[in-house]
Structures are given as C-alpha cells and as structure tokens.
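Encoded as structure tokens, the structure appears first; notes follow it.
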Amino acid sequence: MNHRCACLVTLAWLFAPNAFAGCWQVVPEQSQLIFIAGQAGGTLQGRFNDYSGVVCADAANGTASRIEATVQMASVETELPELDEALYGRDFFDAERWPKAIFRGDAVRPVGEDRYQVTGTLQLRDVSREITVPVTLKPDADGSQASLATSLTLARLDYGIGQGEWSDTQWVGDEVTIELTARLVPAPDTAAHGTKH
Amino acid sequence: MLLRNTERRYGMVSQLLHWVVVALVAIQFALGITAHNLPFSPPKLGVLAWHKSFGFLILGLIVLRLGWRLYSPPPTLPATMPSWQQYAARLSHGLFYVLLLTMPLVGWASSSAANLTVSVFGWFQLPNLTAPDKELAKTLVSTHIVMSWILLANIVLHASAALWHHFVNKDDVLRRMLPLSHPTHGDHSR
C-alpha cells in the first residue's frame, strides 16, 4: 500500500469512522466462498476456490463507485469428484461455455451499522438477473483491512442450473444459498476497469 | 408363542426383529447394488436416500435386538451339536451384530465426510459424524462395500447352516426361529 493510499484511508477513518474509501480487493486465501444446496431432505455443501472481488468507494461521501465479483466456475469443489464433474458439465454450470459468474453492483443502500443492501446484476450461465444482497462490511479498527460477509439465496433453475433430468428438484432442491466471507485489503491503484489478482 | 425366548425356542420379539432385519437387509442389498451401478443422476441420489434411511432403521433395530438379547437370552444350542459348531455359530452371530452395527455407522460417516447430511425418510436429519474430507469419504464408501461382501458371506453361511440343521440333522435349530412351527421336543418355559 503506498503512502497516498494509506493517507487517504486514515483521513477517511478520522473524519468518518464508518466510511470506507478507495478500492479494496478480496484476498481469496483468507476468504471463503461456499454454497449450500438441499439434497434428499438434507444438505450438500461445496466451495469455489478461484474468485475475485473489488469494492471501490468514494472518499468524499462514502458511496460505492464500483462493486464487482467474479467467480471462476471451474474452480467448484465438493468432496465428491463425480459431483464436481457434473457441476462443471453441460447440465449444471456448463463451465466450458460460461466460465465465469459475475456480479456487478449498481446501488448501495446503508441499512444499519456496517450493513448495506447492494442491488446489482448477477450473471450465471447465460442468464442475468437483478438481485439485492445484504452485505456486512466492517473495516478493521486500524482501517488497514476490512471484512465482508454476504449471503444470498437463489433458485438454481432461474439460471438454468440443472438441465434435463436435473431440472427435477425432488432430490436436488431449487434453492441454493451462497455465502461469502471475505477479507478485504486495499487494492493497488487501479484504473477504472480491470481488477488485480 | 411367548414374547420372550425360552430354553428351546425364540420368542415373538426375537423372531420379529430377526425376520424384519432379514427383509431390510435384502432391500439394502438391492438398493446398494442398484445405486452403485447407476451413473451420477437424480435416480441415483433417490436410491441412495432410501438406502441411507433404511440403513438408519436397521441400526436402530439392531440396537433394540442387542438390548432384547441381554434381557431375554437366546435358546441354548442343542447338546448334540459338536462344540466346534457351537463356537462357529456364536462367531457367526457375533459377526452379524458387529457388521449390522458398524455398516450403517460407516455409511453415515461416509456421507458426513462427503459433506452431505443424511435425512431419514425426510423426517429428520442426522448430525455429521466426521468433518468434510474427500479422501475419507472415498475410503469409507469402499469399507462399507467390502463389509457388505463379508455380510453376504456370513448370510450364506448362516442360512446354509440353518438348512443343514433342518434337512440333514433334522433338529429344531431352524424351527426355533420360525413363527408358525413347533419344536418337536416340547416347550419348557423359563
């Protein structure tokens, strides 16, 4: 982190203890992105290993100027190799054709201390839908890093996840919960487009 | 017929538990083999869901059977039976208890290691027995399958011995476990 960025962050903290300024990126090694689906009356849990996210906030008024998260769908991992194979394949993620899932946030509404409702577009497979997700974003006490947590529940069939025989929800439920628990660190100075990994 | 076992005959409770478990184990072999041969698909998940549910039921029934056996000991083996056969019978029966208790637990643990929770007939979910662990899941499934072969061998041994007692020895050993038959040498209640 360069001195200008550190200065900016410290200023923001001094003048607005709850404000969150500059661009921050997810550290995947210190984060966790999991999904939980219903199966046969119980649950099934898996994770994604390769993803990135960036949040940019305007120092002056604390509004977000950019929120974007990208998940490499081929990085899905459960404890069942045959399930991983199916998820990668045409009936589920079709990861060869649609390698990434992307969320772009358009609007942020504070709803409490460190809590926000973020509205944006989620693109999964070939479907884009507008969604609103609750996000908790808490800078550390010294302002140098932050933690982010969000959870969303979606209907997999809305995104075409589960084709053919898998569109039946008897044994694999329609509702899937996705949870991201992330550590955010200041991103190196980035241009308006593109994220650094 | 009495509820409890006598010196010469199994009572109603033992017989019911025995034959119900026989039926359930037959169902489990059918479900397990079917699931094993299906490609990864919704029907496979469905068959496995039934298999896990029946498996938990067997676990419960075997625990009941063990408890009942402590309360009402089984009939004594015929005095005419050579001691090596009596020893083999006790081993075989003991092996049934070990397998029918352990196999459901291994199966349950394999689901836990696969990060799948088990639901019993959709009524309630079982807690996880292990942490998620891909390699452990694979090992436990293999162990479960190997144990099923041992169980099958034990069943063949057990059924063959029962039929041998009945048709060759012409003694009461099989009759004692059959609901509608009467031992030829009379009942002596405890």
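Side chains included, hydrogens not; waters and symmetry mates left out as well; all remaining heavy atoms used. Chain letters run A, B, ... following the sequence lines, proteins first, then strands; residues in each count from 1.
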> How are the rings of B:H158 and B:H93 set relative to one another: parallel (under 30°), tilted (30 to 60°) or perpendicular (over 60°)?
Replying inline: perpendicular
>> As an exercise: rank A:G164, A:G46, A:A86, A:A40 by heavy-atom pairs under 4.5 Å with chain B and give me the winner.
In response: A:A40
> Do we get B:R4 above B:Y71's six-membered ring, with its NZ or CZ under 6.0 Å from the centre and within 45° of the axis?
Replying inline: yes
> Of the backbone (N, CA, C, O) and the side chain (C-beta and beyond), which part of A:T78 lies under 4.5 Å from a heavy atom of chain B, both, or neither?
Replying inline: backbone
>> Between A:T177 and A:T153, do the side chains contain a donor N or O and an acceptor N or O under 3.5 Å apart?
In response: yes
>> So for B:W123, is it side chain, backbone, both, or neither that comes closer than 4.5 Å to the heavy atoms of chain A?
In response: neither
> Which bit of A:E85 is near chain B, if near means a heavy-atom gap under 4.5 Å: side chain, backbone, both or neither?
Replying inline: neither
>> Between A:T121 and A:S128, is there a side-chain donor-acceptor contact under 3.5 Å, judged purely by atom types and distance?
In response: no
